[in-house]
Amino acid sequence: MPVSSCDIAVIGGGIIGVSCALALSDLGQSVILIEPQDFACGASKGNAGALAFAEILPLASPRIIRKATRWLFDPLGPLSLPPAYLPRIAPWLLHLWRASWKDHYQANIQAQVALMGLARTEMQALLEQHGLTGHLRAQGVLEVYEGEARYQASLDTARQRALHGIDSQLLQGAELAAAQPGLAPRFTHGVYIADWRNVADPQALGQAIGQQALAHGVRHLRQTVRWLRPTTPGVQLILDDGAQLQARQVVLAAGARSHVLAAQLGDRIPLETERGYNTTLPADALDLRQQITFSDHGFVISPLTCGIRVGGAVELAGLNRAPDYRRAQVMLDKAKVFMPGLRTTGGTQWMGFRPSLPDSLPIIGRSAHHPDVLYAFGHGHLGLTQSAATARLIRDLVGNQPPAIDLRPYRAQRFSFLGSRS
């Protein structure tokens, strides 16, 4: 039987959308989750599986700005930008540059710390409440560096983390070899962060949360929203088959395509997609003890139940450019050099769209123009990590409760003009 109305419509069935739908099911209102595919089939499927609560430093930092110029000239390096896309992405890059200034950079760290603190608490609560703790792994992460100079260059990151209670342990020599046997001797220093969690398979967790949402009364509508039309009260959603759905409130959690619908409401949001690549190898491709981050090369290697995943890097090329799977192959070739015992046959390549904002903070809160629409997108690399926290904050807003943390740093209107924090 067709559905013509609901209390709350959630647009997007990735990890953010399913988490929001599950949280909202507690409010005793009718919730419809609109997603044309199965749950967690986009960026939520191919990520590294990290609950990266220690990742409090924004991409927009003085360190990255210094490195970016060198990286951008390498089309297969950790950060690439096709020249033809430069005119389109120029405003985003200007926002990124401004966000790297000291005043904004420090404020963005504080906002990230607040969100990460909530993320840790809410993710644990979600997993325990719904019997999903079996998806969780407490392996930590090992960041590795080639030589003393590279390690010394990383110490500012360690200091920033320590200021916020995130401890790390230096490993060298026998300790590093014991932490990860088979690591190439070029890596002389390792930093182990125990304050880190992983999930066994990110897509499996996203689908499990989605199934919990369905069990709690959420309905899954396999459609695409083409248009949002504010009404009085509520919002009318125009679907891809021409059907209409009337909702009292809408949660927009459509990942890298969210800004298209937000623009229909008058909210011009500089959302870009960091296209990420990976290769998932068979699970026996390596005896991998924990996720390893090759920070100077822009990729990680992760042990998942679905296989050994080698991936990362950033390609700023929008939604429409064809994938360049050479980027996945470059990371795989490097991983073989860095870990000679890695068997690189039998893998599956993947490319996905990370929805990213210039200051590395998501947008969480109501539309500036239409308060019946709530935004929950733009988490970049941290969607899985911050999913439960975002769901909690959206539930607070819909339920007319004081938000668990101050939402001003995450408001959509912070990008109203270049350089503004008003």
**Message:** Test ring-ring contact (aromatic ring centres under 6.0 Å, His included) on Phe338 and Phe187; report intermediate values, then the result.
**Reply:** CA-CA 8 Å; Phe338 297 164; Phe187 293 100; 4.9 Å; yes
Answer yes or no: is there an ion pair linking [X] with [Y], defined by an N-O contact shorter than 4.0 Å?
X      : Y      : value
Arg343 : Asp284 : yes
Arg326 : Glu315 : no
Arg414 : Asp359 : yes
Arg411 : Asp267 : no
Glu272 : Arg354 : no

**Item:** side chain to side chain contact (heavy atoms under 4.5 Å, CB included) assessment of Leu51 paired with Asn198
**Value:** CA-CA 5 Å; Leu51 295 174; Asn198 294 77; over 6 Å; no
Is there side-chain contact between [X] and [Y], with heavy atoms separated by less than 4.5 Å?
X      : Y      : answer
Met351 : Asp324 : no
Arg197 : Leu136 : yes
Val191 : Tyr145 : yes
Leu286 : Met339 : yes
Leu239 : Leu221 : yes
Thr188 : Tyr151 : no
Val235 : Gln249 : no

Distance-only donor-acceptor pairs under 3.5 Å for side chains of residues 120-132, two or more places apart:
from, atom 1, to, atom 2, distance (Å)
Arg120, NH1, Asp195, OD1, 3.2
Arg120, NH2, Asp195, OD1, 2.1
Arg120, NH2, Asp195, OD2, 3.0
Thr121, OG1, Gly117, O, 3.3
Glu122, OE2, Arg392, NH1, 2.9
Gln124, NE2, Glu128, OE2, 2.9
His130, ND1, Gln212, OE1, 3.3

**Asked** Taking all atoms of both residues into account, what is the closest heavy-atom pair of Pro82 and Leu316, and its distance?
**Response** CD-O, 3.3 Å
**Request:** Return the minimal non-hydrogen interatomic distance between Leu304 and Arg137, and the atom names on each side.
**Result:** CA-NH1, 4.1 Å
**Message:** Before you tell me yes or no, could you show the steps for Leu382 and Glu55 under side chain to side chain contact (heavy atoms under 4.5 Å, CB included), namely the whole-Å CA-CA distance, both residues' side-chain angles and the distance that decides it to 0.1 Å?
**Reply:** CA-CA 8 Å; Leu382 298 170; Glu55 286 298 294; 4.1 Å; yes
Considering only distance and modelled atom types, tabulate donor-acceptor pairs under 3.5 Å from the side chains of residues 162-181, sequence neighbours left out.
from, atom 1, to, atom 2, distance (Å)
Gln172, NE2, His189, NE2, 3.1
Gln180, OE1, Arg289, N, 2.9
Gln180, NE2, Asp287, O, 3.0

**Item:** Inter- and intrachain pairs under salt bridge (Lys or Arg N to Asp or Glu O under 4.0 Å), touching residues 35-46, at least two apart
**Value:** Asp38-Arg222
Would you check if there is a donor-acceptor pair between the side chains of [Y] and [X] at a distance under 3.5 Å?
X      : Y      : result
Asn108 : Gln112 : no
Glu143 : Ser295 : no
Gln291 : Ser302 : yes
Ser80  : Arg327 : yes
Gln386 : His381 : no

**Message:** The criterion is ring-ring contact (aromatic ring centres under 6.0 Å, His included); which residues satisfy it with His135, sequence neighbours excluded?
**Reply:**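 Testing His135 for ring-ring contact (aromatic ring centres under 6.0 Å, His included), a comparison that skips the adjacent residues, returns none.
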Say whether, by atom type as modelled, one donor and one acceptor occur between the side chain of [X] and the main chain of [Y] under 3.5 angstrom.
X      : Y      : result
Arg161 : Asp156 : no
Thr305 : Ala200 : yes
Lys334 : His297 : no

Side-chain donor/acceptor pairs under 3.5 Å, residues 255-265, sequence neighbours excluded:
from, atom 1, to, atom 2, distance (Å)
Ser258, OG, Ala254, N, 3.0
Ser258, OG, Gly255, N, 3.0
Ser258, OG, Gly255, O, 2.9
His259, ND1, Ala256, O, 3.3
Gln264, OE1, Leu228, N, 2.8
Gln264, NE2, Arg226, O, 3.1

**Request:** Hey, could you give me the CZ/CD distance between Phe39 and Gln211, rounded to the nearest 0.5 Å?
**Result:**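 Going from CZ on Phe39 over to CD on Gln211, the span is 6.5 Å.
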**Fill in**
Output for pair (Glu274 CD, Leu59 CG), nearest 0.5 Å, gives 5.5 Å
**Message:** For Leu357 and Phe415: C-alpha separation, side-chain torsions, deciding distance, then whether side chain to side chain contact (heavy atoms under 4.5 Å, CB included) applies.
**Reply:** CA-CA 10 Å; Leu357 291 156; Phe415 297 112; 3.9 Å; yes
**Verdict with reasoning, Leu96 to Ser100, per side chain to side chain contact (heavy atoms under 4.5 Å, CB included)** = CA-CA 6 Å; Leu96 178 76; Ser100 73; over 6 Å; no
**Message:** The criterion is side-chain contact (heavy atoms from CB on, under 4.5 Å); which residues satisfy it with Ala40, sequence neighbours excluded?
**Reply:**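 With neighbours one apart ignored, the set is Ser44, Gln203, Gln207.
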